[in-house]
Structure formats: structure tokens, C-alpha cells
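Inspection log for the structure reproduced underneath, given as C-alpha cells.
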2 protein chains.
Amino acid sequence: MPTMPTMDERKSRVLQAIVDDYVATAEPVGSRTIARKYRLGVSPATIRNEMADLEELGYLEQPHTSAGRIPSDRGYRYYVDWLMEIKEATPEEQERLRRIFERKVWEFESLVRAAARALSDMTHLTGVVVGPQSEEARFREIRLVPLASDRALLVYITDTGFVENAVVDLPFEVTMVELQQISSLLTEHLRGQRVELMGRGALQALQRELGRYGRLLEQTLEFLSESIQPGERRRVYVSGVPYMLEQPEFRDVQKARAIFALLEQEAVLEEVLNLPESDTVQIQIGAEIKVEDLHDCSIISATYTAGDRTIGRVGVIGPRRMDYGRVVAMVDEVTRRLSGVLGRQRLVD
Amino acid sequence: MPTMPTMDERKSRVLQAIVDDYVATAEPVGSRTIARKYRLGVSPATIRNEMADLEELGYLEQPHTSAGRIPSDRGYRYYVDWLMEIKEATPEEQERLRRIFERKVWEFESLVRAAARALSDMTHLTGVVVGPQSEEARFREIRLVPLASDRALLVYITDTGFVENAVVDLPFEVTMVELQQISSLLTEHLRGQRVELMGRGALQALQRELGRYGRLLEQTLEFLSESIQPGERRRVYVSGVPYMLEQPEFRDVQKARAIFALLEQEAVLEEVLNLPESDTVQIQIGAEIKVEDLHDCSIISATYTAGDRTIGRVGVIGPRRMDYGRVVAMVDEVTRRLSGVLGRQRLVD
DNA sequence: GTTAGCACTCTCTCCCTGCAAGTGCTAATT
DNA sequence: AATTAGCACTTGCAGGGAGAGAGTGCTAAC
């Protein structure tokens, strides 16, 4: 009865060599290449035997009989779990990131766009940043600014320092003074409450409580409660999609198209990056990704925070064949810097 | 001496048929196809003669000796100027647009994103919306909200109803009350002034004027005047880039890559769409576009307004071979609806 | 347990050929 | 004078080997 081979030191060295080489060249790796380029001190024939074992163990695949081997999902998984070497960013890259995050005046959206761009430029893969979920935030201040006699600009600021705004067409006329009164009342009564809960129910409760302030306020609240749907808010910032076209795995336009179409759908990206929280960099490889069309890709991501609150996620999407050690370092670096900048802000009352 | 042929009724019918057919099939059009599909009542041989004339006039090109003809830039130009039929949006498309723009509560960014997406979905080309230029706007209200003892959120609202915000790290500590005072003073003194002018000079002038309010205000102003750089603000919203990969002209990945990379650069898009104002839809064909890499594309765009003020531009980018009549109608439709929604807001004091 | 040798498999490239499409030109026709 | 039929010519493209190259698995020797 044939017995299953077991993983050992040399096999893992061979696996490491294959992953490293395949990542670098995009060509299936043969036994001779390994023997020549990576001094393992054994002949191609020995390596062939090891490779056959590694294939039996599920770490390698063969595109066709007479080609070299490429790593399987499982092979990559073993590689990132045990073999990968983290490659810190170069001084130039550090400098670039420092410049992005050192500014004394910045706007969140520009910041995360720059972060996504830097990630994609440095890795030549697609950089992604998932923005804040307003649902978890709490109201800090609410203002209604008149734009027309029956139109106002609703602006609210959350405790995490984000500003949201919407134009509201009121079904009745209102004066500037009235809007100001309503703003004050709203701020006074909603401050500290979670944005997520500002649905119909909460506003109707508020409406009853404040009913005595008159018919106008009542109408406004009623209207607002009907109109405001939080959710759908979480924005995703993507950069460097064209870099994917440099990768040989996407020289087939049809394949590229399917993935590009996905990368334009914020909902898909958000779902794919919706992982259990963790304070380390997360790696998803091939079929580990929930979305079928991304099974030829890998995703490396980590959460960023503002103080003790998780805000969103920073990540990189690319073909499975990517330089994991480098990308992990980049994602980690960007995440920490972003959290660093955001972390210095706390709710102050 | 051979004389130059002249454009006549029949030649223009032939040109029209060639453009229409090429747009539909993406294949060079031969004389027989024209004779068969477009009833011009003449034989292929006659059409061949007309085609030779049209080529001599510069309206057609031949990819190689034994292929059919395709329109040149000049041919498309003649087509859009004289021959094109505007094809109104279908009721379903109208309905989709209506839904996007009918909402009673909306946020500008979501609105233009939806507009860009609708444009790209309907045309299967890339939809683009250039956002407002904050420079032309005037301050309406300014607020500094405390985020930490030495950090504030600067929020300003413009007279056109746009909200901008930035986090400001102050080089000194400040109390909430002080920030509120400064906010009021800033609003009071800057209201109505153009955002563009809020550079060093203007704030320093303000600083002198308000100097008596104390050292803190002075410092804040000094800091703000050093930090705030408007400009770079104009944001561009792009949607449907992957649709381009459906077009046969982009089955060459390298070509696609060059153009995709451009479409990620907001500055390039802004420049390319920076046309002299006009209240009609503008068409740029091939080499008419300022950017070399887009010479295989055409751009159809129009400005949108809020009342009497121009805000930005809505457009569609695609290969030169596009259904001009349809796209023009779409761009026009979206522009008018967007202007309609924005137009109802005016500065009210 | 390791390695050299070797037959075998598979893909990829190159080249060749035939085919299809379309043209321009000439001569005949209206 | 304009139009059309006919025909020789050009060109791109698909299909079909042939041959090279890379890599493997297996066997037998070390």
C-alpha cells in the first residue's frame, strides 16, 4: 500500500523556491530551474521526486503534463503561513508614505485616495480602501442650511470626525430662522446617538418629544424620518486597476473584463473585504475569497482604526501570483500610518 | 489635370452608410455591403467610385489595400456635423434617469456617481462627470469643530451648496469656546468671498483686521493661511471603464492599458474636458482631443449648471467608432436633468 | 536515498497554403 | 457622360503540419 508523503524541511525549501520563482517569472517552474537558481545541493532528479510528492500533497499543480509546476491555493497558503519573508518598504517608499501622512491639514477622502494610489503604485497591483461605516458613528452636530425657500442642506458631523451632507427638498416653505432653530434642536437631541439608529422610529420618538415646538418642526421631522436612509454609505476607494493589465494572467481581455467589472462594484469589494476583525494583516488566496470571479486572485488587507474604533479596511487585490512578503509589508505599513493619523482624534466635548 | 472631386448628395449618403455600418459592425465596410444593406439604388461599382472619391477627400481610410473603408476623423466630423440623427433615449432609459434625479433627499457625490454609471450603462462606454470647482464658489459658512485639544475639523459650505471639510492639526491647544468664536468670526468676515481667494493674502488681511481678538485667533489664522491650498479640489467621477474592454478596438491589452491609466488620472480627464463654455453638447473626435494617447477615442460632453452658474461637465469617452447620435442624446439628457436638480438651489440669505 | 539517462508528452512557433473579401481598372452598356 | 459587369490582383486570416524546446516519469546504476 503506497503511503502518503509527509512535508519535511527539504520539501518546504523546494516549495519556497517554486513560489518565489513563479512569482518572479510567471512561468511554470521546472526541476532544472530550481536546481540551477536555488542552491539546494541536490540534482534535478531529486527535486523532481520532491515535486511529485508536493503535488500529491496538493501544494503544486501542473498546467499540462510536460510543463513545470505552479503553486496551488494550498501551496500559497503554506507559503504565506510558514515560508514567506516579510520585505519591508524601501526608504524611498517610506518617504513617500511619510509625505502623504505628515500633512497638517488634510481631508479624509484625499488621504485615503492617496493611500490607495501609493499602495497600487508600490505593488503594481490594485489598491483598495474601504471607507468608514457611518452607522457605527454617533452624531456630534447637525445643521440645516437654507438653499432655497423649500430646500435645505443637511450637514452632520460624526464623533469620528466625518462630515456627511445631503440636499433636502422640503415639501413646504421654511425660513432661515426656523431652520436654525430646528438645527439646534436636532443637535441637542441627537448628539451622541448612533447615526445608524436615525431611522423612522428614532425620529418619530423625537418628534413626539419635541412636538410642542410647533407644526413646522413636526413636519420637518416627519419628512426627514421618511427620507433619510443611512446605509449604502460605505464608500470604497480603488486605485491602480490598470496595473492588473501588466500581469500576464490578464492578457486575456475577457478574464480582465470580468474582474474589472467587479472592481467597479463597491458592494462586491465591501463584501469581499468584510472579514472578522483582527489586528494583523489578513491574506485571502484564490478560492478562499467569497466571490467566485475572484478565485484567480488574492487579497491582502488589514483594518485601520481611529483610536479604539475600527474605521475600515486597507487592501491590495492582485493575481494569486504576487509577492506576498512585499505586499503584506506595504499593507501593514499603510494601515499603521493611516491609523496613526486618524488615531489622534477623539471625541472632545 | 485631374480635378478634386466634390461632396454631393450621393457621396454623403454613402459616407453616412459607411459610418453607420462601421459603428454597428466594427468591420471595414466594402462596396458590396453598402449596396446590399443600404438601398442607394446603385451598383457596388458605382459605390466603389464614390468611395475612392471620399477617400481622396479625406473622409475615409483603408486599413490595407484589400479591406473595406473606415471613416477618418474628418469623416466622423462630417458625419456628426451634417448626417447624424439624434436618437432619443428609450422610455426605459428615461425612467431610469428619472428615478435617479427625482429623489427628495440626495447627496451631490452619490448623484453624480449615479449619473456617470447610468451614462456608462446606457452607452456601454465610459461615463465621466467633472465635479464643481470650489474656486468659483463663495463662502457661505465656516465652522471649526474640536476633535482634540490641538485638532479641529474645518467645515465650510459654499453658496452653491457644496460642503468641504478638512482636519486641521493646530500647533497649539485651543478650547471649544475659542473655536466657536473663531468660527463665527471667520463666517462673518469671509461670507460671500470667493473660496479661490482664501490664500495667504486674504487671510493675512483678515488677520490684521481681527488682530484685536487676541493672539490665539491670530495664530489660527496664520496657520490656516499657510495650510489651506484650494485647487486640486476638482474631483472627477468615472464609471464603466470596463465596458471599453467589450470594444474590439481594445482587445489589444497594451492599447487598453495606456488608456485605462489615463482614465485614472483626474488631472488628465479634467484637462481633456476643459472646453470653452457652450450650451450645446460638444463632440471631440480622435486627434481633436488634446491628449495624444486618446487620439483613438472620441469624447462627447456638455456642461451642467446650478441656476446661472456653470458647475462642471458630463461626458462619455469611448472609441471613435461609437453611436454618436445616441450618445449625444444621452449626454444631453443627463446634463439637463442634472442641471434641473441643481438649478433649483440659489443662495438665500 | 540519490542521480544519470532516456523515452515520452505536450505546447508553442513558424511557415506554408488556400480561401475569402475587397479593390481598381477596363470595356461594355444605358 | 454616367453607370455597371467583369476580371485580375492584393491582402489578411484560418488551418495544418513540422520541428524545437521544455519538462516529466521511470528505470537502473551509484
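Chain naming here is simple, since letters A, B, ... match the order of the sequence lines and numbering starts at 1 in each.
For dC10(C), one of the phosphate oxygens OP1 or OP2 lies less than 4.0 angstrom from a side-chain nitrogen or oxygen of T65(A). The side chain of R48(A) places no N or O atom within less than 4.0 Å of a non-bridging phosphate oxygen (OP1 or OP2) of dG5(C). Using a 4.0 Å cut-off, no side-chain N or O of R69(A) falls inside it from OP1 or OP2 of dG23(D).
In this entry the distance linking CD1 of I70(A) with P of dT11(C) reads 14 Å, nearest Å. In this structure, Q62(A) atom CD and dT24(D) atom P are separated by 7 Å, rounded to whole Å. Rounded to an integer number of Å, the gap from NZ of K11(B) to P of dT3(D) is 9 Å. Residue N49(B) contributes atom CG, which lies 16 Å from atom P of dA1(D) at whole-angstrom precision.
Annotation: R32(A), atom CZ; neighbour count of heavy atoms from other residues, nucleotides and ligands within 6.0 Å does not exceed 12. By the neighbour-count criterion of 12 heavy atoms within 6.0 Å, atom NZ of K255(B) is sparsely surrounded, having that number or fewer from other residues, nucleotides or ligands. Shown here is R39(B), whose CZ atom has no more than 12 heavy atoms of other residues, nucleotides or ligands within 6.0 Å.
If you check residues 19-47 of chain B against DNA chain D, the residues with a heavy atom closer than 4.0 Å are V42(B), S43(B), A45(B), T46(B), listed by number. Contacts between residues 54-61 of chain B and DNA chain D, defined by a heavy-atom separation below 4.0 Å, involve no residue at all.
No side-chain N or O of R13(A) forms a donor-acceptor pair with one of Q16(A) less than 3.5 Å apart. No side-chain donor from either of Y38(A) and D20(A) sits under 3.5 Å from a side-chain acceptor of the other. No donor-acceptor contact under 3.5 angstrom links the side chains of S120(B) and T126(B), judged on distance only. Residues T90(B) and Q94(B) have side chains that never bring a donor and an acceptor to within less than 3.5 angstrom of each other. Under the 3.5 Å distance criterion, with hydrogens and angles disregarded, a donor-acceptor pair is assigned to the side chains of R321(B) and Q247(B).
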